[in-house]
Amino acid sequence: GNPNFSGLFILPALPLALVFMIQSQNLSRKLYYGLSIIVMLWALSVFSSRGAVLGGAVLLGVFAAVLFWQKALRKQLIWLGLILCIGVGFFYIFAPLARPEGLKDTFKIADSNITTRYYVWDLTRRAIVENPIVGLGFGNFYEYYQIHRESLTADQPSFDDPHNLFLFLTVTGGLPFAAAFTAMLFFSFWVLVFKASSGFGLWPAALAAGLVGWAITASFTPVTIPGFLILGLLCLGQTLFTPLENAIDEVGGDVRSQICRRSNAKGRSLTGFTQPVLIKIKIPSLAGTLIKILAVLMVAYSVWFMTAEFLFFHGLQAFFRKDYESSIKFTALAKSFYPLNPIYSLYRLGSEIQSKGDTPEVIEGLKSFYNPHSVLFKLRSANLDFLLFLKTQNQLYAESAIAKVKEVLAMNPNRAELHVRLAYYAYDSGNKEQALTSIKKALTLNPQYFPAWLLYAKLYQEAGEAQKMLYGLEKVYKLYPNN
């Protein structure tokens, strides 16, 4: 998977694993959690995600500051020092697997990836200024980016997210929405730090550090659903723990005397006891019923959604096996379970085109799928139109596909990959002159684009111009000498 996603998922779990290791009474458990920490540090070093590295540094700093604040917990700082040493050692050994120059490559602030990120953030800032209160709307950043991107990003992939969670929430949901989310994080952090400084033990400190590490990492990468689940765990932690003294008062005197005897037998005082105790939260019956209903609905929705994904996966496999009838059945069934995912419709229509051609049902499906107000759907619709041309050899479908790509390019001509797509559409439909014009435009925007040079060489081969053909093939070879 994406190393940035994995770094965001692993990093906040690091301080939690450390607390489990410290508080485990059994040696085998201590070894298990210690080994887990080592594997996490190794994974973070191999991933070499810049956001995770920065988040890890801040996480250790916050954890150390909270522990130092509490005199009774200062002895645990030695574990953070050990983690830091192991982490730095692993980074020097394993980071070159992803970044050949190790630290120098990781913290370089002028490479093309970072320069593009700065540009996308600036474009996001402009969008926020234009729509500060309600934003662009959820899911619309891709559309805004495609229309407003400049030639600087002609050789870069499309961005459907500015790779900064807080900017993303602001640009899509507006400043009030982002402010509410950020306030939730600050409140959770404040409660956890307060509990850590009030004798609640190691757990609140670990959760506070994990929360900060999560927020820093999320400032440099998109956040997937598992990332938000980790955030939910970190925020929920503020409600789960109470000092041992308070828990004893709640459960009664008999338990108090029993715990005191055990504590004295092990040489512990009550005030020095750092093991958290789970408390029972009293919820009004109506609210409790509503929460249970909501939980059941969420579980049902999850099962429903995963069933749709499972069915679609089988449909996707059938599509690539060219078993289009099976693909139609599976993708249609997936859509019946979860009609909100347009990818299901995309592959169902693709399978119907390959299986049935331009039947009235297929044509009606293409019309209902097309959304003239969406860049993304125009391009998907163009793909389906051209697939229908390849199936039927009807030039009208090729012209429709080419027209839709031209509409998108008219909004923003700085997309090299779309000029190449237009060139391939023109070439396959017999218009080699237009194909060559589009290829030259693409290579002007991105001279390193491999598919463009490949078609460039093919066009000049068919035109009988050997020198230009060889020039194109030489470019292809230099770009991919081992292919």
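Bear in mind that the values here come from a model prediction, so they are computed numbers and not experimental data.
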* **Residue from I363, N383, L396 passing side-chain contact (heavy atoms from CB on, under 4.5 Å) with L388** => I363
* Asked: Is there a side-chain contact between T221 and R50 (heavy atoms, below 4.5 Å)?
  -> no
* Kindly indicate, with the supporting measurements, whether the criterion ring pair (Phe, Tyr, Trp, His ring centres under 6.0 Å) is fulfilled by F20 and W203. => CA-CA 9 Å; F20 275 122; W203 275 109; 4.9 Å; yes
* Tell me, yes or no, whether the heavy-atom count around M306 atom CE, taken from other residues, nucleotides or ligands under 6.0 Å, exceeds 12. => no
* How about L136 and I128: do any of their side-chain heavy atoms sit closer than 4.5 Å? -> no
* Asked: Taking the six-membered ring for Trp, is the centroid-to-centroid distance between F9 and F5 below 6.0 Å?
  -> no
* Would you say the side-chain atoms of S355 pair up with the backbone N or O of S351, donor to acceptor, closer than 3.5 Å? -> no
* Asked: Is there a donor-acceptor contact under 3.5 Å linking the side chains of Y145 and D160?
  -> no
* Around atom CZ of F386, are there more than 12 heavy atoms of other residues, nucleotides or ligands at under 6.0 Å? -> yes
* Count the heavy atoms belonging to other residues, nucleotides or ligands that lie under 6.0 Å from OH of Y370, then report whether that count exceeds 12. => yes
* To do: Taking S429 for its side chain and A426 for its backbone only, find out whether a donor-acceptor pair lies under 3.5 Å.
  => yes
* **Residue pair K378 / P372: nearest heavy atoms and the distance that separates them** => CE-O, 2.9 Å
* Asked: Mind checking whether F47 and I10 have side chains closer than 4.5 Å, heavy atoms only?
  -> yes
* **Note, Y424 side chain near L454 side chain (heavy atom, < 4.5 Å)** => yes
* Structure fact -> Scanning both residues in full, the closest heavy-atom pair of P12 with L234 reads CB-CD1, 3.9 Å
* Inter-residue atom distance L366.CG - S345.OG, 0.5 Å rounding -> 11.0 Å
* Should L8 and N4 count as side-chain neighbours, where that means a heavy-atom distance under 4.5 Å? -> no
* Which of these passes side-chain hydrogen bond (donor to acceptor under 3.5 Å, both in side chains) with E309: Y344, W304, Y338? -> Y344
* Asked: What residues, two or more places apart in sequence or in another chain, satisfy side chain to side chain contact (heavy atoms under 4.5 Å, CB included) together with N164?
  -> W121, F166, L167, S219
* Closest contact, heavy atoms only, L443 versus A452 -> CD2-CB, 3.5 Å
* Asked: Tell me, do F189 and V62 make a side-chain contact under 4.5 Å, heavy atoms counted?
  -> yes
* Within a reach of under 6.0 Å around CZ of F187, are more than 12 heavy atoms found that belong to other residues, nucleotides or ligands? -> no
* Are there more than 12 heavy atoms of other residues, nucleotides or ligands under 6.0 Å from atom CZ of F228? -> yes
* Exercise: do S326 and D323 side chains pair donor with acceptor under 3.5 Å -> yes
* To do: Could you please spell out the steps behind the side chain to side chain contact (heavy atoms under 4.5 Å, CB included) verdict for F141 and V120?
  => CA-CA 11 Å; F141 181 79; V120 174; 4.0 Å; yes
* Should Q448 and L479 be marked as a side chain to side chain contact (heavy atoms under 4.5 Å, CB included) after you check the CA-CA gap, both sets of side-chain angles, and the distance that decides it? -> CA-CA 7 Å; Q448 307 300 315; L479 288 171; 3.1 Å; yes
* **Within-4.5 Å side-chain heavy-atom neighbours: E361 and K356** => no
* To do: Determine, for F377 and R380, whether the Lys NZ or Arg CZ falls below 6.0 Å from the six-membered ring centre while staying within 45 degrees of the axis.
  => yes
* Asked: How close do L422 and S438 get, heavy atom to heavy atom, and via which atoms?
  -> CD2-OG, 3.6 Å
* To do: Quick one: which residue pairs count as a salt bridge (charged side-chain N to carboxylate O under 4.0 Å, His left out) with a foot in residues 450-469, not counting sequence neighbours?
  => K432-E462, K458-E462, E465-K468
* To do: Might you confirm whether atom CD of Q393 has over 12 heavy atoms from other residues, nucleotides or ligands at distances under 6.0 Å?
  => yes
* To do: Compare every heavy atom of V420 with every heavy atom of P451, then report the nearest pair and how far apart it is.
  => CB-CG1, 4.2 Å
* To do: Please report the C-alpha distance between I343 and T331 in whole Å, then the side-chain angles of each, then the deciding distance to 0.1 Å, and finally whether the side chain to side chain contact (heavy atoms under 4.5 Å, CB included) criterion is met.
  => CA-CA 9 Å; I343 299 296; T331 52; over 6 Å; no
* Any side-chain donor paired with an acceptor under 3.5 Å for E130 and Y144? -> yes
* Between F330 and F312, does the ring centroid distance fall short of 6.0 Å? -> no
* To do: Report the C-alpha separation of F177 and F181 in whole Å, then their side-chain angles, then the decisive distance to 0.1 Å, and conclude whether the ring pair (Phe, Tyr, Trp, His ring centres under 6.0 Å) test is met.
  => CA-CA 6 Å; F177 179 79; F181 179 84; 7.4 Å; no
* To do: Kindly determine whether E417 and R421 satisfy salt bridge (charged side-chain N to carboxylate O under 4.0 Å, His left out), including the steps that lead there.
  => CA-CA 6 Å; E417 77 277 11; R421 183 189 295 199; over 6 Å; no
* Asked: Going by distance alone, is a donor N or O of one side chain under 3.5 Å from an acceptor N or O of the other, for Y425 and D385?
  -> no
* Is there side-chain contact between V375 and R415, with heavy atoms separated by less than 4.5 Å? -> yes
* **Given L84, V88, I83, the one that forms side-chain contact (heavy atoms from CB on, under 4.5 Å) with L41** => I83
* Nearest heavy-atom neighbours spanning A423 and I439 -> CB-CG1, 3.5 Å
* Not counting sequence neighbours, which residues clear ring-ring contact (aromatic ring centres under 6.0 Å, His included) with Y471? List them please. => W453
* Asked: Can E325 and K329 be said to form a salt bridge (charged side-chain N to carboxylate O under 4.0 Å, His left out), step by step?
  -> CA-CA 7 Å; E325 290 299 325; K329 293 176 183 176; over 6 Å; no
